[in-house]
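These notes concern the structure reproduced below.
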Amino acid sequence: MRLRLQLFEFEDLPWFPAPVRAGMMDYLRFMISLLRTYQPIVPLLQEALQKTGQQHIVELCAGAGGGTEGILQTLRTSGQPDLNITLTDLYPQPAAWELLQERTQGGLRYQPTAIDATHVPAALTGFRTVFSAFHHFPPAVAEAILADAVRQGTGIGVFEGAGKHWLEILLAWTVLPIAQLLITPFILPFRLSRLVFTYLIPLIPLCTIWDGTVSILRMYPPDALLALAHQADPAGRFQWRAGKVRHSWGPEVTYLVGWPV
């Protein structure tokens, strides 16, 4: 699918109720962690960290931190035992992040204040990553995120847990809503609001179906990611690579990685 539509997602809207947004992000984190969605990109991250000499990852637009715990564990057991990750977002999720910080004994940390991915504070150093969020941004903002990394001379990796196929939209309409209804009581941290807005007033599943569909329609394919990277780096200061990697059981991850030459 090469079509890209810049539609809206509920969780992007400033007025969207915080409990519903948190419930949607918690579900996304749970599913990404359960399915180990981002494990196929571990070799890409390993190479990027080696090229940049980094032992610290700054995750931008982290949401509830989906998948990052598994990435940290895999990287630490495969040659980078001192690696740490700092979670950041324009809408911080400290309740979810504190749980991850406790489970990883501080390996996953977080920045409690809002961080704009287009203007990351210079003091927040490390290899930057964006998981499951780059599609939210129109081209001008997406380019600005990459340009900020180039300007500050820090590597960046953009990862989307889909390959942009019509089948993925079909799953968002059918299988995933049923899974959401079944697993919601087991998602931590416990929130009464999550139960209310899933079963009594089903805003979380309905908005998740919409946002999941729109996410795939908004995704940048690899060639579009490379075009944005070259626009953000007209002087060619970075080496860029984009493509897709396939999980052992079928799903794909779309990626863009870049680091200073």
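All heavy atoms count here, side chains included; hydrogens, waters and symmetry mates do not.
Note that OG1 of T198 and CD1 of I204 are 4.0 Å apart. Values are rounded to the nearest 0.5 Å. Taking CD of Q111 as the reference point, atom CG of D89 lies at 11.5 Å (rounded to 0.5 Å). For the atom pair C61 SG and I115 CD1, the distance stands at 10.5 Å (nearest 0.5 Å). We find the CG-CG distance between L45 and L72 to be 11.0 Å, quoted to the nearest 0.5 Å. Between the CG atom in L146 and the CZ atom in R151 there is a gap of 11.0 Å [rounded to 0.5 Å]. To the nearest 0.5 Å, atom OG1 of residue T129 and atom CG of residue L44 are 13.0 Å apart.
Residues satisfying the side chain to side chain contact (heavy atoms under 4.5 Å, CB included) test with A142, not counting sequence neighbours, are F134, F137, Y220, L228. The ring-ring contact (aromatic ring centres under 6.0 Å, His included) check on F159 picks up F131, with sequence neighbours excluded. Evaluation of the side chain to side chain contact (heavy atoms under 4.5 Å, CB included) rule for L203 yields V20, F197, I201 as partners, not counting sequence neighbours. Considering only residues two or more places apart in sequence or on other chains, D211 meets the side chain to side chain contact (heavy atoms under 4.5 Å, CB included) condition with E9, F10, E11, M24. In this structure P202 satisfies the side chain to side chain contact (heavy atoms under 4.5 Å, CB included) test together with P205, L206, sequence neighbours excluded.
Linking ILVMFWY residues whenever their side-chain heavy atoms come closer than 4.5 Å, directly or via other members, places L87 and I41 in the same cluster. Residues V158 and I145 share a single hydrophobic cluster, defined by chaining ILVMFWY side chains whose heavy atoms lie under 4.5 Å apart. Hydrophobic clustering places L5 together with L13 (ILVMFWY residues linked when any side-chain heavy atoms are closer than 4.5 Å, directly or through intermediates).
The shortest side-chain heavy-atom distance between N84 and L108 does not fall under the 4.5 Å cut-off. S132 places a side-chain heavy atom less than 4.5 Å from the side chain of I32. Looking at heavy atoms from C-beta onward, P185 lies in side-chain contact with Y199 at the 4.5 angstrom threshold. By the 4.5 Å heavy-atom criterion applied to side chains, L226 and R241 are not counted as neighbours. Annotation: side chain of L49 is in contact with side chain of Q80 (closest heavy-atom distance under 4.5 Å). Within the 4.5 Å cutoff, side-chain heavy atoms of L217 are placed close to those of L7. Annotation: side chain of Q180 is in contact with side chain of T208 (closest heavy-atom distance under 4.5 Å). For the pair M219/R4, no side-chain contact is recorded, criterion being any heavy-atom separation below 4.5 Å from C-beta on.
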Please set out all donor-acceptor pairs under 3.5 angstrom arising from side-chain atoms of residues 250-261, sequence neighbours excluded.
unit_1 : atom_1 : unit_2 : atom_2 : d
E252   : OE1    : H165   : NE2    : 2.7
E252   : OE2    : R246   : NH2    : 2.8
T254   : OG1    : A162   : O      : 2.8

Just distance, no hydrogens or angles: give the donor-acceptor pairs under 3.5 Å from side chains in residues 118-127, sequence neighbours left out.
unit_1 : atom_1 : unit_2 : atom_2 : d
T118   : OG1    : D116   : OD1    : 2.8
T118   : OG1    : D116   : OD2    : 3.2

(request) Could you walk me through whether H56 and T86 pass side-chain hydrogen bond (donor to acceptor under 3.5 Å, both in side chains), step by step? (result) CA-CA 8 Å; H56 181 223; T86 298; 2.7 Å; yes
(message) Checking E98 against R103 for the salt bridge (Lys or Arg N to Asp or Glu O under 4.0 Å) test, could you report, in this order, the C-alpha distance in whole Å, the side-chain angles of both residues, the deciding distance, and whether it holds?
(response) CA-CA 9 Å; E98 286 174 6; R103 287 207 308 231; over 6 Å; no
(message) Does I156 form a side-chain contact (heavy atoms from CB on, under 4.5 Å) with W240? I'd like the steps, not just the answer.
(response) CA-CA 10 Å; I156 186 169; W240 298 98; 3.9 Å; yes
(request) List the steps and the verdict of side-chain contact (heavy atoms from CB on, under 4.5 Å) for I209 and W173. (result) CA-CA 6 Å; I209 292 172; W173 292 348; 3.7 Å; yes
(request) Apply side-chain contact (heavy atoms from CB on, under 4.5 Å) to F8 and D12, showing your working. (result) CA-CA 7 Å; F8 78 92; D12 292 342; over 6 Å; no
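Residue G106 comes nearest to R109 through the heavy atom pair O-CG, 3.3 Å, listed as atom of the first residue, atom of the second, then distance. What you find for F238 and G155 is that their closest heavy atoms are CE2-CA, 4.1 Å. Closest approach of P189 and A95 over heavy atoms only: CG-O, 4.1 Å. Scanning both residues, A232 and A147, for their nearest heavy atoms gives CB-N, 3.6 Å. Of all heavy-atom pairs between P92 and W97, the closest is CA-CH2, 3.7 Å. S78 and Q46 get closest at one heavy-atom pair: OG-NE2, 2.8 Å.
Under 4.0 Å is where a charged nitrogen must lie from a carboxylate oxygen, and between R128 and D148 at least one such pair does. At a threshold of 4.0 Å, the pair R36-E69 does not count as salt-bridged, since none of the basic side-chain nitrogens sits closer than that to a carboxylate oxygen.
Using a 3.5 Å distance cut-off with no hydrogens or angles, the side chains of T68 and E59 do pair a donor with an acceptor.
Listed for the K164 side chain is no donor-acceptor partner under 3.5 Å among the backbone atoms of P221. In this structure, Y38 contributes its side chain and I71 its backbone to no donor-acceptor pair below 3.5 Å. Counting only distance, with no hydrogens or angles, the side chain of R76 and the backbone of D82 share no donor-acceptor pair below 3.5 Å. Side chain of E160 to backbone of H135: a donor-acceptor contact under 3.5 angstrom is found.
Atom NZ of K244 has more than 12 neighbouring heavy atoms from other residues, nucleotides or ligands inside a 6.0 Å radius.
The hydrophobic cluster containing L167, built from Ile/Leu/Val/Met/Phe/Trp/Tyr side-chain heavy atoms closer than 4.5 Å, also comprises L170. When hydrophobic residues (I, L, V, M, F, W, Y) are linked wherever their side-chain heavy atoms come within less than 4.5 Å, the members clustered with L90 are Y91. The other members of the hydrophobic cluster of L99, by chain and number, are L188 (side-chain heavy atoms under 4.5 Å, ILVMFWY only). The other residues sharing a hydrophobic cluster with V175 are L171, where clustering joins ILVMFWY side chains under 4.5 Å apart.
For the side-chain hydrogen bond (donor to acceptor under 3.5 Å, both in side chains) condition, the pairs that include at least one residue of residues 183-197, sequence neighbours left out, are D26-R191, D26-R194.
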